[in-house]
S.K.: 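One structure follows; several queries about it will come next.
Proteins get letters first, then strands, A, B, ... in listed order; numbering begins at 1 in each.
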Amino acid sequence: MATMSTRLATVTLPNPVLTASGCAAAGRELHQFFDVSQLGAVVTKSIMPRARSGRATPRMAETPSGMLNSIGLQGPGIESFIANDLAWLAEQGARAVVSIAGTHTDDYVLLARKLAGHPAVAMLEVNISCPNVESRGQVFACDAIASSRVIGAVRRAADPAQPVFAKLSPDVTDIVHIARACADAGADGFSLINTLLGIVIDTDTLAPALGGVSGGLSGPAIRPVAVRCVWQVHQAFPHLPILGMGGIRTGLDALQFILAGASAVSVGTAVFGDPSAPVRVLAELEAALDERGLASVRDAVGLAQRNQRARVSA
Amino acid sequence: MATMSTRLATVTLPNPVLTASGCAAAGRELHQFFDVSQLGAVVTKSIMPRARSGRATPRMAETPSGMLNSIGLQGPGIESFIANDLAWLAEQGARAVVSIAGTHTDDYVLLARKLAGHPAVAMLEVNISCPNVESRGQVFACDAIASSRVIGAVRRAADPAQPVFAKLSPDVTDIVHIARACADAGADGFSLINTLLGIVIDTDTLAPALGGVSGGLSGPAIRPVAVRCVWQVHQAFPHLPILGMGGIRTGLDALQFILAGASAVSVGTAVFGDPSAPVRVLAELEAALDERGLASVRDAVGLAQRNQRARVSA
Amino acid sequence: MTAVQLQAEILSVQRVGEYLQFTVVAPEIADGFQPGHFVAVAVGGAQSSMILRRAFALSGATPSDRFAGTVQFVVAAHGPGTQWLVGRTAGELLDIVGPLGNPFPTPSGATRAVLVGGGYGSAPLLPLAQVLLDNGSEVEFVLGAATAARLFGELAAKRMVGRVTVTTDDGSAGEKGLVTDVLPEAIERSSAEIVYACGPMAMLQAVGDIAGKHAIRAQVAVEESMACGIGVCMTCVLPVRAADGTSRFVRSCVDGPVFDALNVRWRDVGRLPGDLLGADAMGGH
Amino acid sequence: MTAVQLQAEILSVQRVGEYLQFTVVAPEIADGFQPGHFVAVAVGGAQSSMILRRAFALSGATPSDRFAGTVQFVVAAHGPGTQWLVGRTAGELLDIVGPLGNPFPTPSGATRAVLVGGGYGSAPLLPLAQVLLDNGSEVEFVLGAATAARLFGELAAKRMVGRVTVTTDDGSAGEKGLVTDVLPEAIERSSAEIVYACGPMAMLQAVGDIAGKHAIRAQVAVEESMACGIGVCMTCVLPVRAADGTSRFVRSCVDGPVFDALNVRWRDVGRLPGDLLGADAMGGH
Ligand SMILES: Cc1cc2nc3c(=O)[nH]c(=O)nc-3n(C[C@H](O)[C@H](O)[C@H](O)COP(=O)(O)OP(=O)(O)OC[C@H]3O[C@@H](n4cnc5c(N)ncnc54)[C@H](O)[C@@H]3O)c2cc1C
Ligand SMILES: Cc1cc2nc3c(=O)[nH]c(=O)nc-3n(C[C@H](O)[C@H](O)[C@H](O)COP(=O)(O)OP(=O)(O)OC[C@H]3O[C@@H](n4cnc5c(N)ncnc54)[C@H](O)[C@@H]3O)c2cc1C
Ligand SMILES: Cc1cc2nc3c(=O)[nH]c(=O)nc-3n(C[C@H](O)[C@H](O)[C@H](O)COP(=O)(O)O)c2cc1C
Ligand SMILES: Cc1cc2nc3c(=O)[nH]c(=O)nc-3n(C[C@H](O)[C@H](O)[C@H](O)COP(=O)(O)O)c2cc1C
Ligand code: FES
Ligand code: FES
């Protein structure tokens with residue numbers, strides 16, 4: 001039986017399968033299908049300082065092997081999140097990766113401070129795919145300087161025991177460039193990838209299907225793009241851990257990410273089609289490692305890159 | 001019956017459904033399934049000055065609702081293309097949109113010159129998703145300056161009667177920024193979109209599935225990204241025509257692109273699953289326009305943007 | 001109520017007008033069933049490009065006894081997912097999650113109720129009527145649809161209660177018109193204390209208005225587009241007023257699908273009203 | 001030969017060892033059939049996430065007569081597409097394109113031939129044997145597979161020709177070993193003038209080598225991963241030497257799948273040899 005534990009910077013998780021931010025709320029609803037403490041961790045929906053309504057409906061459209069969403073980060077605000085959601089996760093003995101979001105650098109700093117020292121918080125995931133109010137609404141993750149400013153500020157403000165992962169957007173010309181800016185600013189690792197910007201037109205109403213016009217594309221459709229981002233960032237920063245995500249639905253999908261360079265994976269959209277997907281993916285991944293004679297997750301991380309180098313030099 | 005003719009800059013096509021570059025060769029093989037002169041035009045595989053072998057195999061991997069390809073622009077070179085392929089298209093009475101590609105600006109200029117005055121050539125599509133040898137292999141389409149240089153040079157070299165369309169890559173932070181550079185350099189319109197960069201890992205060999213490691217993702221999976229790019233570029237340059245593509249499989253898919261702002265569409269990957277897809281899409285599109293009481297393609301171009309503006313201001 | 005996910009064998013598929021009624025073996029769902037519950041069904045098989053489940057209100061349940069419990073739901077062929085579903089036959093397995101959502105609240109004692117169903121919206125009202133009747137309540141039905149073929153449950157309703165008023169848009173069955181044309185009379189005639197309704201949003205809003213004018217409550221089951229059905233994605237929200245006067249976007253899958261019509265801000269569905277909790281924080285997005 | 005696309009009714013599905021043999025109604029394909037042709041089959045239905053067709057060599061055809069013509073092919077369940085296919089039953093429709101590819105070249109007169117099939121690779125060799133026999137040729141078969149259950153066509157072969165040598169990797173049928181262990185003897189014994197083969201790439205290469213050593217030709221049908229099957233996508237290429245000595249990447253779907261083994265640069269499959277036509281232009285990409 002393969003050793004399933006994995007390390008994300010200074011944190012060791014019992015296994016490499018997590019939920020994805022925004023696809024599992026704070027774990028409570030999924031707990032009726034499986035024990036959330038069995039996962040590597042629960043990645044919570046991005047939280048902001050104050051309560052947010054989110055966007056007008058319709059908020060989703062199904063697309064071929066994917067979906068578009070435009071939730072707009074609906075949430076209760078950090079105080080309620082700590083009092084209710086984080087407390088509940090702590091009670092279950094589950095590990096939380098808390099995703100934080102903001103529209104100013106100050107928002108992120110405030111959130112990191114509030115979460116410092118909380119025993120249930122294994123790690124912070126910094127969702128920088130948010131419009132930066134200080135820069136005419138340009139998304140932080142699309143600008144190396146804005147990304148580095150947020151990540152640097154969070155790293156300084158956060159509990160030193162909590163690794164800080166920068167969650168990057170694939171909608172950039174050069175993801176390695178953005179990753180470098182985050183690494184230089186102190187990111188302990190990367191979460192790859194957030195959704196791709198997309199639009200669906202409703203051919204009945206002859207107008208965009210989503211209330212917010214555009215939305216984020218997720219699901220199996222985007223998997224090859226996600227694996228490519230993981231590959232590129234792992235190639236550039238082999239010593240920084242990656243939490244990979246984007247269209248993972250099976251253990252073999254998860255294995256693709258790990259072979260490309262991810263140390264752990266998040267199962268997102270697949271949960272909507274199969275609420276027990278995360279534990280199923282975990283079981284399938286374990287079996288897949290065993291079948292291939294891979295003794296541990298760690299042995300498999302980035303193996304495809306090593307095999308490719310061997311192939312080219314042969 | 002809706003009026004199906006459409007204008008792409010100075011050229012009028014009998015209908016708005018075309019093939020996509022690289023997904024129809026030069027039309028000859030599809031001719032056994034339908035008469036290629038029935039299409040708006042045949043968009044030919046990107047041609048380069050000299051014969052090219054293309055990349056090592058495996059060159060493709062199927063992905064959820066999509067595929068990855070890494071052909072590497074295999075082709076016979078411009079002389080053979082004109083003598084054989086273009087001559088054949090002229091014989092059939094088909095209109096050709098000739099896709100040109102290169103690794104130096106000079107390549108593109110040479111190709112545009114060779115194609116000047118050719119009666120079968122309705123238009124040039126400039127595939128700038130190629131590595132620019134003059135700039136350490138960075139893809140032209142990922143750099144506004146390199147894109148503008150190529151498009152400017154092609155526009156000056158090309159037959160003034162042949163519109164020059166810049167085919168853009170979605171793998172950029174701001175596609176409108178690249179489009180603007182091309183428009184300023186004289187592009188008569190845009191082809192949107194080329195494939196997205198992706199990787200698939202083969203979980204049996206534990207190495208990348210493609211010989212070239214990464215490849216281009218196409219098919220229905222990318223449709224929402226393509227519609228978004230069409231929307232953004234049409235919003236920014238409402239007077240420049242767009243040839244839209246990316247995952248079109250049905251007449252309603254084509255209608256989405258037109259409502260978002262495309263004046264015509266290319267059917268690419270769908271041909272592999274259904275060799276008569278282009279004529280089927282054309283028939284379905286015509287029926288869809290009729291059902292919706294849209295009198296012409298022209299009435300539908302960008303209609304979703306006008307409807308959205310009406311919705312917001314209401 | 002805890003939801004379960006199971007592979008449910010299709011016991012039978014019956015045509016009812018333009019609809020198909022599915023009966024599937026799902027003991028864990030049947031045993032906890034209350035009217036208003038819905039299920040979420042995976043569509044298209046293992047390699048489907050349709051990654052989301054489709055929601056269907058339960059039109060009935062037979063709890064486990066000598067045989068394993070079964071549940072029923074009614075499917076209207078609409079887009080590709082429901083088109084796939086109506087091609088299934090007895091003996092095949094469906095991947096089902098349920099029971100989902102909050103059931104219709106019913107008084108512990110007897111009441112007088114009018115049940116208003118639009119199209120297949122009558123499906124969850126049939127078992128609801130039974131619960132109310134068992135409580136000693138007086139029940140009457142108002143069923144409407146675009147055409148006769150889109151009516152559902154008329155016969156079953158007639159078998160249960162004395163009064164069933166039918167309307168169709170085209171007059172092909174019952175009175176020509178809308179359910180809301182005949183509802184005021186039904187409320188008055190029966191001195192109804194409550195209205196229950198399920199159907200299109202516009203109908204629910206109108207039903208709520210009419211109930212309001214008669215100073216009675218309307219409990220309505222809404223149908224919002226849902227990605228997960230289990231409360232984790234936040235796609236299915238509606239602007240709803242709480243007891244304290246604050247309005248929020250609430251999830252129709254776990255906080256609904258049944259709401260008191262009075263609390264739903266119907267005119268703001270599809271908008272972002274400025275006074276919603278957290279709307280002020282939306283500047284950025 | 002012009003290919004057509006049609007909705008072919010499945011007439012029967014028969015289990016043969018680990019394989020399923022499909023017989024489908026496809027008159028336009030049956031009427032033009034020659035051994036070596038293949039078909040491309042759409043998999044997964046209308047909402048499938050699998051957007052590419054799957055290729056299958058035709059194992060036989062019955063041209064239209066009193067009944068509409070049928071074709072046969074043999075499916076090994078492998079990945080999701082073939083797994084879907086083996087779940088189909090008689091009466092269902094398959095979306096099929098064919099006939100595709102170039103058939104095996106056969107001499108106009110009589111010859112002496114050894115036909116070598118690996119696994120389901122024997123499928124296109126059965127109708128080929130018939131054509132050769134009809135020509136007055138002498139034919140013998142060498143059939144191999146990993147295990148007995150993965151052999152295909154042994155009985156049919158035995159019914160047609162006098163000599164059928166069987167090998168399996170595990171010795172579960174015939175001789176333990178590879179087809180290439182027994183091929184030299186078969187060639188010598190029958191004084192063969194030509195070898196025809198279909199099976200895995202490594203086998204085809206080895207068969208070509210053996211034929212070469214015996215100074216005879218080998219016509220082999222390759223199996224490259226294909227996106228379109230009709231010649232428009234350039235995914236299915238192999239490095240092949242032409243008569244003028246120039247090597248090119250040629251499409252195995254329309255320029256093959258049958259090649260003279262001598263011309264295929266087996267060692268360069270999966271590589272980009274520098275002397276290939278146009279390899280010098282690849283600096284950029
Ligand atoms: C709580 C609830 C109960 C329902 N009960 C029934 C029922 O008893 N009988 C019945 O026939 N239908 C019912 N519906 C509607 C049914 O879920 C949709 O008709 C169905 O999802 C459409 O799927 P499709 O594949 O046909 O359409 P598509 O257009 O392919 O659907 C695409 C996506 O949009 C969603 N969607 C599309 N139309 C609707 C809709 N009207 N409501 C909600 N989501 C939609 C789908 O779920 C899917 O995610 C109910 C919906 C909800 C939310
Ligand atoms: C000319 C030709 C003739 C063939 N004849 C037969 C036959 O008679 N019987 C039979 O069982 N199989 C045959 N094959 C192989 C068959 O096409 C593959 O096994 C099948 O495509 C695998 O599909 P899948 O969905 O099971 O696998 P997946 O892994 O899901 O396939 C993914 C993609 O890769 C391609 N692919 C995967 N494996 C192969 C392969 N071995 N060869 C070619 N493409 C592959 C698929 O076509 C598909 O596009 C033939 C292939 C070719 C090219
Ligand atoms: C409905 C929905 C809501 C999401 N919300 C968030 C969020 O709040 N924060 C975030 O960082 N990512 C969010 N994401 C992105 C996912 O975490 C994930 O990065 C992306 O969906 C790709 O993974 P998947 O294909 O497995 O879903 C959301 C995705 C979906 C589908
Ligand atoms: C096999 C293949 C080869 C392609 N070759 C080219 C090419 O030579 N030039 C080009 O501009 N685009 C090429 N493309 C991109 C298509 O023209 C099109 O932009 C893209 O595939 C999106 O459309 P689709 O999803 O309909 O295929 C190729 C795509 C595929 C799948
Ligand atoms: S459908 Fe996901 S929260 Fe309601
Ligand atoms: S498979 Fe497309 S060219 Fe051969």
Side-chain angles (χ1 to χ4, degrees), chain A residues 19 22-33 45 48-67 69-77 101-104 107 130-133 137 209 211-212 218-221 247 249 269-276, chain C residues 1-6 40-44 46-54 79-81 95 97 100 201 224-239 246-254 268-285:
Chain A
T19 59
C23 301
R28 205 188 294 243
E29 293 83 1
L30 292 184
H31 204 61
Q32 60 190 321
F33 298 99
K45 167 105 190 132
M48 296 183 71
R50 291 187 298 139
R52 265 174 78 92
S53 61
R55 290 213 190 88
T57 55
R59 289 180 171 185
M60 76 100 173
E62 197 184 38
T63 70
S65 296
M67 65 174 278
N69 89 78
S70 124
I71 309 298
L73 298 180
Q74 174 166 353
T103 52
H104 297 77
D107 289 345
C130 297
N132 176 357
V133 169
S218 64
R249 198 161 52 170
T269 303
V271 165
F272 305 161
D274 177 6
S276 45
Chain C
M1 186 64 224
T2 306
V4 297
Q5 177 176 8
L6 45 82
V41 183
V43 290
Q47 303 301 322
S48 176
S49 66
M50 299 177 287
I51 60 164
L52 303 175
R53 287 170 185 266
R54 287 359 188 206
D95 179 341
V97 171
L100 296 171
M201 289 299 254
E224 265 295 327
S225 179
M226 296 178 175
C228 77
I230 59 171
V232 296
C233 76
M234 314 302 281
T235 61
C236 61
V237 300
L238 283 181
T246 320
S247 292
R248 292 181 177 78
F249 270 142
V250 306
R251 296 163 298 179
S252 61
C253 65
V254 290
D268 291 323
V269 171
R271 300 169 172 271
L272 174 51
D275 65 330
L276 219 65
L277 183 74
D280 56 333
M282 290 303 293
H285 260 199

S.K.: Give a yes or no answer on whether the side chain of C:Thr235 reaches the backbone of C:Ala227 with a donor-acceptor pair at less than 3.5 Å.
M.R.: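 Checking the backbone N and O of C:Ala227 against the side chain of C:Thr235, a donor-acceptor pair under 3.5 Å is found.
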S.K.: Tell me, out of C:Ile230, C:Val97, C:Leu276, who's got the most heavy-atom pairs with chain A below 4.5 Å.
M.R.: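 Ranked by heavy-atom pairs under 4.5 Å with chain A, first place is C:Ile230.
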S.K.: Out of C:Ile51, C:Val43, C:Leu272, return the one with the most heavy atom pairs under 4.5 angstrom to chain A.
M.R.: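 Most heavy-atom pairs within the cutoff with chain A belong to C:Ile51.
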S.K.: Identify the heavy atoms of A:Gly22 and A:Phe272 that sit nearest to each other, and give their distance.
M.R.: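 Closest pair (atom of A:Gly22, atom of A:Phe272, distance): O-CZ, 4.3 Å.
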S.K.: What part of C:Val254 gets within 4.5 angstrom of chain A, counting heavy atoms only: side chain, backbone, both, or neither?
M.R.: neither
S.K.: Considering all heavy atoms of both residues, which atom of C:Leu100 and which atom of C:Ala40 are nearest to each other, and what is their separation?
M.R.: CD1-CB, 3.8 Å
S.K.: Using heavy-atom distances under 4.5 Å, tell me whether A:Thr63 contacts chain C through its side chain, its backbone, both, or neither.
M.R.: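 Backbone only.
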S.K.: Would you name the heavy atoms of C:Ala281 and A:Ala51 that are closest together and state the gap between them?
M.R.: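 Smallest heavy-atom distance, with atoms named: CB-O, 3.4 Å.
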S.K.: Looking at A:Glu29, A:Arg50, A:Lys45, which one has more heavy-atom pairs under 4.5 Å with chain C than the rest?
M.R.: A:Glu29
S.K.: Can you name the nearest heavy-atom pair linking C:Ser252 to C:Cys236, along with the distance?
M.R.: OG-O, 2.7 Å
S.K.: Measure distances from C:Ser48 to the heavy atoms of chain A and classify the residue's part below 4.5 Å as side chain, backbone, both or neither.
M.R.: backbone
S.K.: Determine the minimum heavy-atom distance between C:Arg251 and C:Gly231, stating which atoms define it.
M.R.: NH1-O, 2.7 Å
S.K.: Taking A:Ser70, A:Ala270, A:Gly54, A:Cys23 one by one, which has the highest count of heavy-atom pairs under 4.5 Å against chain C?
M.R.: A:Gly54
S.K.: Quick one: do C:Glu224 and A:Arg59 make a salt bridge, cutoff under 4.0 Å?
M.R.: no
S.K.: Give, as side chain, backbone, both or neither, the part of A:Pro275 having an atom under 4.5 angstrom from any heavy atom of chain C.
M.R.: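 Both backbone and side chain of A:Pro275 come within 4.5 Å of chain C.
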S.K.: Chain A heavy atoms under 4.5 Å from C:Asp280: which part of the residue, side chain, backbone, both or neither?
M.R.: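 Contact with chain A is through both the backbone and side chain of C:Asp280.
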S.K.: Which atoms of A:Pro220 are under 4.5 Å from chain C, going by heavy atoms: the side chain, the backbone, both sets, or neither?
M.R.: side chain
S.K.: Identify the two heavy atoms, one from A:Ser53 and one from C:Met282, that lie closest to each other, and give their separation to 0.1 Å.
M.R.: OG-CG, 3.2 Å
S.K.: Find the one option among A:Ala61, A:Gly102, A:Gly219, A:Ala25 whose heavy-atom pairs under 4.5 Å with chain C are most numerous.
M.R.: A:Ala25
S.K.: What part of A:Arg249 gets within 4.5 angstrom of chain C, counting heavy atoms only: side chain, backbone, both, or neither?
M.R.: side chain
S.K.: Using modelled atom types and a 3.5 Å cut-off, is there a donor and acceptor pairing between side-chain atoms of A:Gln74 and backbone atoms of C:Met234?
M.R.: no
S.K.: For C:Val237, is it the side chain, the backbone, both, or neither that has a heavy atom closer than 4.5 Å to a heavy atom of chain A?
M.R.: both
